[in-house]
Number of protein chains: 2
Amino acid sequence: MLSQKTRYTIRALQHLADHWQQGAVRLDAVAEAQNIPRKFLTVILAELVREGLVISHRGRDGGYELALPPVDIRYGDIIRLTRGSLALVPCASRNAHEHCTNCLPEVECRLRGLMLTLRDEMAAMLDRMTLADPIEVEPPFADDPAPALAD
Amino acid sequence: MLSQKTRYTIRALQHLADHWQQGAVRLDAVAEAQNIPRKFLTVILAELVREGLVISHRGRDGGYELALPPVDIRYGDIIRLTRGSLALVPCASRNAHEHCTNCLPEVECRLRGLMLTLRDEMAAMLDRMTLADPIEVEPPFADDPAPALAD
DNA sequence: GTTTAACTCTACCTAATCAGTAGACAACTG
DNA sequence: CAGTTGTCTACTGATTAGGTAGAGTTAAAC
């Protein structure tokens with residue numbers, strides 16, 4: 001599962017991408033539009049600024065904007081950034097490789113073999129998509145009708 | 001990430017698959033061969049017995065064996081069982097769907113759209129592979145030579 | 001029919017992580 | 001220089017992960 005923070009991060013970036021080249025977007029605007037706790041969002045955005053994905057402007061009429069064109073920010077990068085890795089097990093990460101604890105030697109671990117293949121498939125998809133891509137939304141599943149929007 | 005427990009579960013099942021139709025495999029044999037804490041493994045196997053994936057035999061010469069031929073146990077099923085879902089966000093699960101907290105209405109959530117597509121790709125792969133499939137292992141990454149096996 | 005090596009079950013524990021908040025401070029603009 | 005904005009360090013409460021303890025139950029073998 002992606003953590004709540006990763007999900008907020010992605011939605012925040014999508015919001016900034018939607019307002020690309022329209023000037024800085026205020027924190028509150030993002031928080032309200034995306035339904036993200038304001039205070040938590042400051043933490044998230046500060047991190048994105050440190051990472052160089054976002055630029056902030058202080059003072060009156062300040063706010064945030066993407067540091068790069070949306071087309072240059074891939075979903076794979078965002079997830080790697082917030083989560084460290086795309087892989088489902090530490091030993092199958094190509095960017096943040098670690099040995100699993102209590103595992104077999106990697107050279108004979110079939111779980112690792114499987115997860116490497118899966119990781120590569122996931123990466124291929126997530127690195128193909130950028131913040132500039134329109135994404136088709138899907139209707140909620142029928143057996144689980146959307147309740148009133150959680151407030 | 002898959003939890004440690006899910007990883008143990010998969011490796012334990014792979015071990016039983018390797019000994020399919022060779023009689024019951026003792027708990028200790030699995031624990032030692034797969035480097036899984038013995039006591040924790042009892043919890044895991046008891047769960048698999050309850051779920052009907054594994055059969056246990058008590059008493060002398062007891063042990064565990066798969067309840068189904070390996071070819072009938074898909075990796076996707078194992079993960080769904082231990083993890084509830086293949087999806088990376090609750091709202092993108094087709095089997096255990098839940099609304100995300102603090103999200104947009106699902107019908108306009110692009111993160112959900114993306115994660116549904118990803119989920120379906122992951123599912124396609126994991127449901128194609130079963131415990132009967134040989135899996136190619138890969139050598140450890142060069143920049144991170146395998147240390148002595150953790151004891 | 002007793003032994004004995006297995007499995008089973010409930011309960012518990014500790015440490016880490018997650019999700020989020022508090023509050024003082026710094027910077028920019030009009 | 002007032003007011004609005006972002007920045008930073010620290011903290012907290014709840015949940016989950018990972019695993020252990022220990023008493024009890026089976027059933028094959030002898």
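First the proteins, then the strands, lettered A, B, ... as listed; each starts at 1. The figures here come from the full heavy-atom set of this structure, side chains too, leaving out hydrogens, waters and symmetry mates.
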Side-chain heavy atoms of B/L104 within contact of A/Q34, under 4.5 Å: yes
Atom-to-atom span, CG of B/L41 to P of D/dT20 - whole angstrom: 11 Å
Close residues, residues 6-25 of chain B, relative to DNA chain D [heavy-atom separation under 4.0 Å]: B/Y8
Carboxylate-amine/guanidinium contact A/D18 B/R110, below 4.0 Å: yes
Side-chain ion pair, B/R26 and B/E32, N-O less than 4.0 Å: no
Full working for side chain to side chain contact (heavy atoms under 4.5 Å, CB included) between A/M122 and B/E121: CA-CA 8 Å; A/M122 292 170 63; B/E121 253 188 57; over 6 Å; no
Separation of atom CZ in A/R26 from atom C1' in D/dT4, rounded to whole Å: 10 Å
Sugar-phosphate only, base, or nothing, as touched by B/R50 at under 4.0 Å among non-hydrogen atoms: sugar-phosphate
Between D/dG18 (P) and A/N102 (CG): distance, integer Å: 11 Å
DNA chain C: 5'-proximal contact among A/L2 and B/Y64 (nearest heavy atom): B/Y64
Validation row: B/C100, A/R7 side chains within 4.5 angstrom (heavy atoms): yes
For atom CD of A/Q4 and atom C1' of D/dT15, their distance in whole Å: 14 Å
Boundaries of the chain B footprint along DNA chain C (any atom under 4.0 Å from a heavy atom): C/dA5 to C/dG20
Whichever of A/S3 and A/R60 has its nearest DNA chain C nucleotide further upstream toward 5': A/S3
Member of B/I79, B/L81, B/L53, B/L48 meeting the side chain to side chain contact (heavy atoms under 4.5 Å, CB included) criterion with B/T9: B/L48
d(CD1, B/I44; C1', D/dG18) in whole Å: 10 Å
Enumerate all atom pairs, one protein N or O and one N or O from nucleotides 22-24 of chain D, separated by less than 3.5 Å.
{"residue": "D/dG22", "atom": "N7", "partner": "B/K39", "partner atom": "NZ", "Å": "3.2"}
{"residue": "D/dG22", "atom": "O6", "partner": "B/K39", "partner atom": "NZ", "Å": "2.6"}

Atom-to-atom span, CD of B/E47 to C1' of D/dA17 - whole angstrom: 13 Å
Sugar-phosphate, base or nothing in reach of A/L45, heavy atoms under 4.0 Å: nothing
4.5 Å side-chain heavy-atom contact, A/C91 and A/H99: no
Which atom of B/Q14 lies closest to which atom of B/I135, heavy atoms considered: NE2-CD1, 4.2 Å
Atom pair distance, as rounded to whole Å: CG in A/L27 and C1' in D/dT4: 12 Å
B/R80 with B/D127: basic N within carboxylate O range, under 4.0 Å: yes
Aromatic ring pairing A/H19/A/H15, orientation class (parallel under 30°, perpendicular over 60°, tilted between): tilted
salt_bridge(B/R94, B/D120) N-O dist < 4.0 Å: yes
